[in-house]
Undergrad: 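The structure's right below; bear with me while I get my questions together.
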Amino acid sequence: MTKRRLRILVVEDESMIAMLIEDSLCELGHEVAAIASRMQEALDMARKGQFDIAIIDVNLDGEPSYPVADILAERNVPFIFATGYDSKGLDARYSNIPLLTKPFLESDLEMALVQVSREV
């Protein structure tokens, strides 16, 4: 389990899934810094937001969310991808990024957070 409360950006276009992720993060003792459901909003938050980690839906309203990941990588902000697909569809540049396959369990989310929070 992570040792400190993390502020997390959630990038998810399905409101029910975003709420489930938010609930799980709160249950784990973390804070949701913001939820971005559209690409421009996600890009703005990635550039200017103040958070420790991000969870990014790979497919954001039909668009790959790699531009969001690129900005976070430039800022050295750790992130986790979430997807309803398997890892074969993930861009090879991000093969080292933890991937949560939806639907995922709270314990899977916790393990991914522990993995990336080592970088925080």
Side-chain angles (χ1 to χ4, degrees):
M1 188 152 167
T2 54
K3 302 246 186 268
R4 67 182 185 96
R5 181 180 175 101
L6 299 169
R7 288 180 41 82
I8 301 169
L9 168 65
V10 176
V11 177
E12 172 60 60
D13 60 351
E14 296 287 336
S15 60
M16 289 300 293
I17 295 172
M19 285 190 287
L20 289 170
I21 293 171
E22 181 176 25
D23 288 347
S24 292
L25 291 170
C26 290
E27 283 289 320
L28 293 169
H30 302 297
E31 175 187 349
V32 174
I35 296 175
S37 60
R38 297 287 170 252
M39 184 62 77
Q40 192 56 55
E41 181 182 22
L43 291 168
D44 291 344
M45 287 302 304
R47 283 186 196 104
K48 302 174 194 158
Q50 297 300 312
F51 45 85
D52 301 306
I53 292 173
I55 299 171
I56 309 170
D57 184 356
V58 172
N59 183 341
L60 195 58
D61 202 26
E63 291 183 73
S65 59
Y66 299 124
V68 177
D70 293 340
I71 292 167
L72 294 173
E74 286 172 22
R75 290 184 61 195
N76 293 315
V77 175
F79 56 92
I80 299 164
F81 279 123
T83 184
Y85 308 102
D86 62 22
S87 61
K88 291 178 195 142
L90 197 61
D91 188 304
R93 295 177 298 155
Y94 293 112
S95 61
N96 62 330
I97 301 299
L99 180 70
L100 289 169
T101 304
K102 300 179 208 172
F104 50 84
L105 301 172
E106 193 172 287
S107 58
D108 297 330
L109 175 59
E110 183 176 27
M111 285 192 319
L113 287 170
V114 167
Q115 186 177 352
V116 298
S117 67
R118 292 181 188 131
E119 302 169 28
V120 176

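Worth saying up front: this structure is predicted, and the values here are computed from it rather than measured. Quick note: numbers below take in every heavy atom, side chains included, and nothing from hydrogens, waters or symmetry partners.
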Undergrad: Given the rule in the side chain to side chain contact (heavy atoms under 4.5 Å, CB included) test, do Leu43 and Gln40 qualify, once you have shown the distances and angles that lead to the verdict?
TA: CA-CA 5 Å; Leu43 291 168; Gln40 192 56 55; 4.3 Å; yes
Undergrad: How long is the span from the CG atom in Asp52 to the CD atom in Glu31, to the nearest 0.5 Å?
TA: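 CD of Glu31 is found 9.0 Å from CG of Asp52.
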Undergrad: Roughly how far, to the nearest 0.5 Å, is the CD1 atom of Ile35 from the CD1 atom of Ile17?
TA: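 Result: 12.0 Å between the selected atoms.
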Undergrad: Test question: given the 4.5 Å side-chain rule for I, L, V, M, F, W and Y, name all other residues clustered with Met16, or answer none.
TA: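 The other cluster members (ILVMFWY side chains, heavy atoms under 4.5 Å, direct or chained) are Met19.
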Undergrad: State whether Phe51 and Arg75 meet the cation-pi test: NZ (Lys) or CZ (Arg) under 6.0 Å from the six-membered ring centroid, and within 45° of the perpendicular axis.
TA: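 Ring-cation test returns yes.
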Undergrad: Check the angle between the aromatic planes of Tyr94 and Tyr66 and answer parallel, tilted or perpendicular using the 30° and 60° thresholds.
TA: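 Parallel: the ring planes of Tyr94 and Tyr66 meet at under 30°.
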Undergrad: Quick check: closest heavy atoms across Val68 and Ala42, and the distance to 0.1 Å?
TA: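 Heavy atoms only, the tightest pair is CG2-CB, 3.7 Å.
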Undergrad: Without swapping roles, check the side chain of His30 against the backbone of Leu6 for a donor-acceptor pair under 3.5 Å.
TA: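 Yes, because the side chain of His30 sits within donor-acceptor range (under 3.5 Å) of the backbone of Leu6.
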Undergrad: Tell me the closest heavy-atom pair linking Phe104 and Ala82, and the distance in Å.
TA: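 Closest approach of Phe104 to Ala82, heavy atoms only: CE2-CB, 4.4 Å.
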Undergrad: Could you go through the side chain to side chain contact (heavy atoms under 4.5 Å, CB included) check for Leu90 and Thr83 one step at a time?
TA: CA-CA 9 Å; Leu90 197 61; Thr83 184; over 6 Å; no
Undergrad: Got a donor-acceptor contact below 3.5 angstrom from the Asp57 side chain to the Val11 backbone?
TA: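 No, because the side chain of Asp57 does not come within donor-acceptor range (under 3.5 Å) of the backbone of Val11.
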Undergrad: Give a yes or no on whether the backbone of Asp61 and the side-chain of Asp13 come within a donor-acceptor separation of less than 3.5 Å.
TA: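 Looks like yes, one N/O pair under 3.5 Å.
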Undergrad: To the nearest 0.5 Å, what is the distance between CD (Glu106) and CG (Asp23)?
TA: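 Going from CD on Glu106 over to CG on Asp23, the span is 9.0 Å.
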Undergrad: Distance from Leu25 atom CG to Arg5 atom CZ, nearest 0.5 Å?
TA: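 Leu25 CG to Arg5 CZ: 10.5 Å, rounded to 0.5 Å.
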Undergrad: Check whether any side-chain N or O of Ser65 sits under 3.5 Å from a backbone N or O of Asn59 as a donor-acceptor pair, and report yes or no.
TA: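 Not confirmed, Ser65 side chain does not pair with Asn59 backbone.
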Undergrad: Listed by chain and number, what are the salt bridge (Lys or Arg N to Asp or Glu O under 4.0 Å) partners of Asp108, not counting sequence neighbours?
TA: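 Testing Asp108 for salt bridge (Lys or Arg N to Asp or Glu O under 4.0 Å), a comparison that skips the adjacent residues, returns none.
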Undergrad: Only one of Leu113, Leu99, Ile8 forms a side-chain contact (heavy atoms from CB on, under 4.5 Å) with Ile80, so which one is it?
TA: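 With Ile80 as partner, Leu113, Leu99, Ile8 yield a single side-chain contact (heavy atoms from CB on, under 4.5 Å), made by Leu113.
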Undergrad: Distance from Leu9 atom CG to Gln50 atom CD, nearest 0.5 Å?
TA: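 These two atoms lie 11.5 Å from each other.
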Undergrad: Looking at every non-hydrogen atom in both residues, tell me the closest pair between Met45 and Ala34 and how far apart they are.
TA: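 Distance-wise, the nearest heavy atoms are CE-CB, 3.5 Å.
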Undergrad: How long is the straight-line distance from CD1 of Ile56 back to CD of Glu12, given to the nearest 0.5 Å?
TA: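 Output value for this atom pair is 11.5 Å.
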